[in-house]
Structure formats: structure tokens, C-alpha cells
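Below is one structure, written out as C-alpha cells; the observations come after it.
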Amino acid sequence: MDLLSFFQEEFLEAGCDEAGRGCLAGPVFAAAVIFPAGYCNPVLNDSKKLSEKKRMELRPIIEQEALAFAVASVSAEEIDRINIHKASYLAMHRALDMLQVKAEYLIIDGNKFIPYGELPFSCIVKGDGKYLSIAAASILAKTYRDEYMEGIAGDFPEYDWRSNKGYPTIKHRQAVLELGITPHHRKTFRVTYPQLKLVL
């Protein structure tokens, strides 16, 4: 089933999503995407349902065909200071700040959001699998974040960020428990032993 073009059509609508919320290391990234009226793309979908190759193929298409897009991040240090929930919304706010065409309505992936000024918004659970602009935002946030983590992976190869992108895999958690944390780790995130189920 193709994703929906818009949640509402009265106002210029931006879709927002984040990537990296559940990671132990690295920033959280967010993107905002505005598509032109009548936009459709049968290939766009939730980034989690697409292969890495397909996400990278879609990224330049999104950037070329969007009316406006922006990607922003909030650092691990900031996440520790304000908590991951607020950091995720702050990353979205920063992406919205960067849009060269200003949105008039927001659709947000998830069930919560910190209002962006006085702009009206709707939170949509699993919105990245329902609306094109949110799906596109999920792809941009994911691919830009993955590239960032691959860029710093060589400095700390023991943590396997090239593969896990900072997510709490067994190998990543084992490295933290044996070697400690790096400057890129979120100090407020608790690391359990690999044989124990991780609770986020």
C-alpha cells in the first residue's frame, strides 16, 4: 500500500522524524521534509523497512524532489544534560529552524512532541509507515546519522560502530563494560551485561 501524501492539505505540511534515540553513543539526528502538493512516490517507506542500499538510493531523490528539507542533531553531551526525549524534540526543532521554506503544519512520528512555537501539529504513531514526508524524514535522519557514526568508528574500532551505529548490540555493550565509555557515549544511558535483556 502506498503511503499517504498529506495528513491535511489546507496548510504547507512538514513531516518530522528522528534517528538514534535508543543508541548508547553518538548524537540523535532528526529531519524535516516538505513535499510539493500532489507529491507521490511508491517506493518511499519507513526507513526501518528499507535496506541500507535502498535508503542511500532514496536520499538524493528526496533531497531533489522535496520543496524543502533539513537535517539536524543534538550531541551526546546535550542528551545527557536534558534527557533523550527532550533531545529528540530539540533535534526536530533545529531541523525546522533550518528549513528554507517554512512549514505551516507539522506531522510528527510518535505520540509526543514539544510544540514548535505556535505551529499546529499532529503526532502520528508509526507515522513513518503512513505518510510520505515522515518516511522521507526517517530516511534522511537515519542515513545522515549512520554516516556520522561511520565517520567516527575508526577512532574507536573496539565498539563496532561501523556495524551497530551506536545501538546497544551485545558486542557494543561488552566493549563498554570491558573498556569503559568514550567521549561519544551517553553517560546517562545504563549498560547491562550482554546476557541480560536491555531495557530502554
Side-chain angles (χ1 to χ4, degrees), residues 1-23 26-74 85-151 165:
M1 186 181 75
D2 292 350
L3 274 57
L4 298 170
S5 297
F6 300 99
F7 179 78
Q8 55 75 52
E9 296 189 45
E10 184 179 356
F11 303 104
L12 194 61
E13 182 176 283
C16 299
D17 201 4
E18 53 74 27
R21 191 169 181 145
C23 292
V28 61
F29 275 63
V33 177
I34 300 175
F35 281 129
Y39 183 77
C40 63
N41 185 325
V43 185
L44 273 185
N45 207 337
D46 170 8
S47 65
K48 295 184 291 295
K49 296 178 181 177
L50 301 171
S51 67
E52 182 177 0
K53 181 174 182 287
K54 180 58 70 175
R55 288 194 296 266
M56 291 306 296
E57 288 174 358
L58 283 168
R59 187 167 97 179
I61 294 171
I62 292 166
E63 295 178 348
Q64 184 175 358
E65 297 182 351
L67 198 60
F69 74 90
V71 182
S73 65
V74 172
H85 302 293
K86 290 178 182 176
S88 297
Y89 306 136
L90 177 58
M92 291 183 191
H93 286 199
R94 286 178 177 173
L96 290 164
D97 286 342
M98 294 164 60
L99 285 175
Q100 295 194 332
V101 176
K102 293 306 175 186
E104 299 169 340
Y105 195 96
L106 307 176
I107 52 174
I108 312 296
D109 183 58
N111 60 2
K112 292 180 182 177
F113 184 60
I114 294 175
Y116 179 71
E118 297 183 359
L119 271 191
F121 67 91
S122 292
C123 294
I124 301 164
V125 175
K126 297 184 179 177
D128 48 4
K130 297 175 182 176
Y131 291 94
L132 288 170
S133 61
I134 300 180
S138 77
I139 290 167
L140 294 187
K142 171 70 174 164
T143 55
Y144 276 85
R145 188 183 187 282
D146 283 357
E147 282 188 344
Y148 177 90
M149 293 305 297
E150 288 166 9
K165 307 300 191 289

Nearest heavy-atom pair of Phe6 and Gly38: which atoms, and what distance?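 So the two residues come closest at CE1-N, 3.5 Å.
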Taking distance alone, no hydrogens or angles, what donor-acceptor pairs closer than 3.5 Å link side-chain atoms of residues 62-74 to residues at least two apart or in another chain?
residue	atom	partner	partner atom	Å
Glu63	OE2	Tyr144	OH	2.6
Glu65	OE1	Tyr39	OH	2.6

Let me confirm one number: the [atom1]-[atom2] distance from [X] to [Y], rounded to the nearest 0.5 Å.
X: Cys16; Y: His93; atom1: SG; atom2: NE2; value: 8.5 Å
X: Asn45; Y: Leu50; atom1: CG; atom2: CG; value: 5.5 Å
X: Asn41; Y: Ile61; atom1: CG; atom2: CD1; value: 6.5 Å
X: Arg94; Y: Tyr89; atom1: CZ; atom2: OH; value: 16.0 Å
X: Asp17; Y: Asp46; atom1: CG; atom2: CG; value: 7.5 Å

side-chain hydrogen bond (donor to acceptor under 3.5 Å, both in side chains) against Arg55, all qualifying residues, sequence neighbours excluded: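 Testing Arg55 for side-chain hydrogen bond (donor to acceptor under 3.5 Å, both in side chains), a comparison that skips the adjacent residues, returns none.
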List the residues meeting side-chain hydrogen bond (donor to acceptor under 3.5 Å, both in side chains) with Gln8, not counting sequence neighbours, and say none if there are none.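 Per chain and number, Gln8 pairs via side-chain hydrogen bond (donor to acceptor under 3.5 Å, both in side chains) with Glu13.
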Could you tell me whether the side chain of [Y] reaches within less than 4.5 Å of the side chain of [X], counting heavy atoms only?
X: Phe35; Y: Ser5; value: no
X: Leu99; Y: Leu96; value: yes
X: Leu58; Y: Leu44; value: yes

Please walk me through it: do Val101 and Leu12 pass side chain to side chain contact (heavy atoms under 4.5 Å, CB included)? CA-CA 9 Å; Val101 176; Leu12 194 61; 3.5 Å; yes
Only distances under 3.5 Å count here; give the side-chain donor-acceptor pairs of residues 127-138 to other protein atoms, sequence neighbours excluded, each with its distance to 0.1 Å.
residue	atom	partner	partner atom	Å
Asp128	OD2	Lys48	NZ	3.0
Lys130	NZ	Val125	O	2.9
Ser133	OG	Gly15	N	3.4
Ser138	OG	Ser47	N	3.2
Ser138	OG	Ala135	O	2.6

Which residue pairs pass the side chain to side chain donor-acceptor pair (under 3.5 Å) test with at least one member in residues 104-116, sequence neighbours excluded?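 Listed once each, the pairs are Asp97-Tyr116, Tyr105-Ser122.
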Applying ring pair (Phe, Tyr, Trp, His ring centres under 6.0 Å) to Phe113 and His85, what does each step give before you reach the verdict? CA-CA 9 Å; Phe113 184 60; His85 302 293; over 10 Å; no
Going through the distances and angles, do Phe121 and Ile107 end up as a side chain to side chain contact (heavy atoms under 4.5 Å, CB included)? CA-CA 6 Å; Phe121 67 91; Ile107 52 174; over 6 Å; no
Any chance you could lay out the salt bridge (charged side-chain N to carboxylate O under 4.0 Å, His left out) test for Lys142 and Glu52, step after step, and finish with the verdict? CA-CA 9 Å; Lys142 171 70 174 164; Glu52 182 177 0; over 6 Å; no
Residues which pass salt bridge (Lys or Arg N to Asp or Glu O under 4.0 Å) with Glu147, listed by chain and number, not counting sequence neighbours: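 Partners of Glu147 under the salt bridge (Lys or Arg N to Asp or Glu O under 4.0 Å) test: Arg59.
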If you count the non-hydrogen atoms of other residues, nucleotides and ligands that lie under 6.0 Å from NZ in Lys102, is the total more than 12?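 It does: Lys102 NZ has more than 12 such atoms within range.
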I'd like to know if Arg145 and Glu18 make a salt bridge, using a cut-off of under 4.0 Å between side-chain N and carboxylate O.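 Salt bridge: no.
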